[in-house]
Amino acid sequence: MAPSNYFNSKDENSLTLLHKASFYFKNIYLHFHFRSEHPTLIAYSNEYFYNNELIAFPSVNQARQPIKFHYIENGTYNSRTNENEAKKIAKHIASFLPNSKEKIGIVAFSESQLACIFDKLSAPDQLQLMTRIDNDTIFFKALEQIQG
């Protein structure tokens, strides 16, 4: 199933075929998940959508936690963005751009916030970010572009 366009939907009355079918067919939950390399990556969906019944098959490398949350003091949501958060995250991104070849991902809560973060990067950092995206060593996406 492709990622949802829920956040981009302009017509609240439009329903997908899958949604319409859910009214007529029995819901069957998945029991096995093998796409994420660490159970933490699917933990939220497992808890809130699969009643903790989803079994994730982790990769061999479990030494590091794949998700890091960054609390930003004085974060203020205004006009679909959080400027303080964007500045801090841009600074964090800039700190590892030149040094790391490790594949990482940055996920913003919305397209607007993703653009705000990008705008807070210097022009050379923007270029380096784009190069690393092209080299598939970084992904930089909004939540609605991430499946699971």
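Positions are given from 1, in the same order as the sequence printed here.
- Partners of Lys91 under the side chain to side chain contact (heavy atoms under 4.5 Å, CB included) rule, at least two apart in sequence or in another chain, do not exist in this structure.
- Counting heavy atoms from C-beta outward, Met130 and Phe118 have side chains that approach closer than 4.5 Å.
- Remark: Asn135 engages Thr131, Thr137 in a side chain to side chain contact (heavy atoms under 4.5 Å, CB included) (not counting sequence neighbours).
- To the nearest 0.5 Å, atoms OH (Tyr44) and OH (Tyr50) are separated by 13.0 Å.
- A search for side chain to side chain contact (heavy atoms under 4.5 Å, CB included) contacts involving Ser122 returns Pro124, Asp125, not counting sequence neighbours.
- With sequence neighbours left out, Gln126 forms a side chain to side chain donor-acceptor pair (under 3.5 Å) with no residue at all.
- When the side chain to side chain donor-acceptor pair (under 3.5 Å) test is applied to Lys120, the partners found at least two apart in sequence or on another chain are Glu83.
- Between His92 and Phe96, the angle of the ring planes goes over 60°, which puts this pair in the perpendicular group of the 30/60° scheme.
- Using a 4.5 Å heavy-atom cutoff, the side chains of Glu144 and Glu111 are in contact.
- The shortest non-hydrogen separation linking Ile117 to Ala108 is CD1-CB, 4.1 Å.
- Cluster membership check: Leu114 does not share its hydrophobic cluster with Tyr77, using side-chain heavy-atom separations under 4.5 Å among Ile, Leu, Val, Met, Phe, Trp and Tyr.
- Between Ala142 and Ser110, the closest heavy-atom pair is CB-C, 3.6 Å.
- Leu127 and Phe139 end up in different hydrophobic clusters when Ile, Leu, Val, Met, Phe, Trp and Tyr side chains are linked at under 4.5 Å.
- Atom NZ of Lys103 is separated from atom CG of Asp136 by 3.5 Å, given to the nearest 0.5 angstrom.
- To the nearest 0.5 Å, atom CG of residue Leu143 and atom CD of residue Gln113 are 12.0 Å apart.
- Distance alone, capped at 3.5 Å, places no donor-acceptor pair between the Glu85 side chain and the Asn82 backbone.
- Atom CZ of residue Phe140 and atom CD1 of residue Ile104 lie 10.5 Å apart, to the nearest 0.5 angstrom.
- By the side chain to side chain contact (heavy atoms under 4.5 Å, CB included) test, Asn52 pairs with Asn46, Glu47, sequence neighbours left out.
- Between the Arg132 side chain and the Leu97 main chain, a donor and an acceptor come within less than 3.5 Å of each other.
- Taken from CD1 in Ile138 to CD1 in Ile106, the straight-line distance is 5.0 Å, to the nearest 0.5 Å.
- Residues Tyr71 and Ile89 are members of separate hydrophobic clusters, defined by side-chain heavy-atom contacts under 4.5 angstrom among Ile, Leu, Val, Met, Phe, Trp and Tyr.
- Here the CD1-NZ distance, from Ile133 to Lys141, works out to 9.5 Å after rounding to the nearest 0.5 Å.
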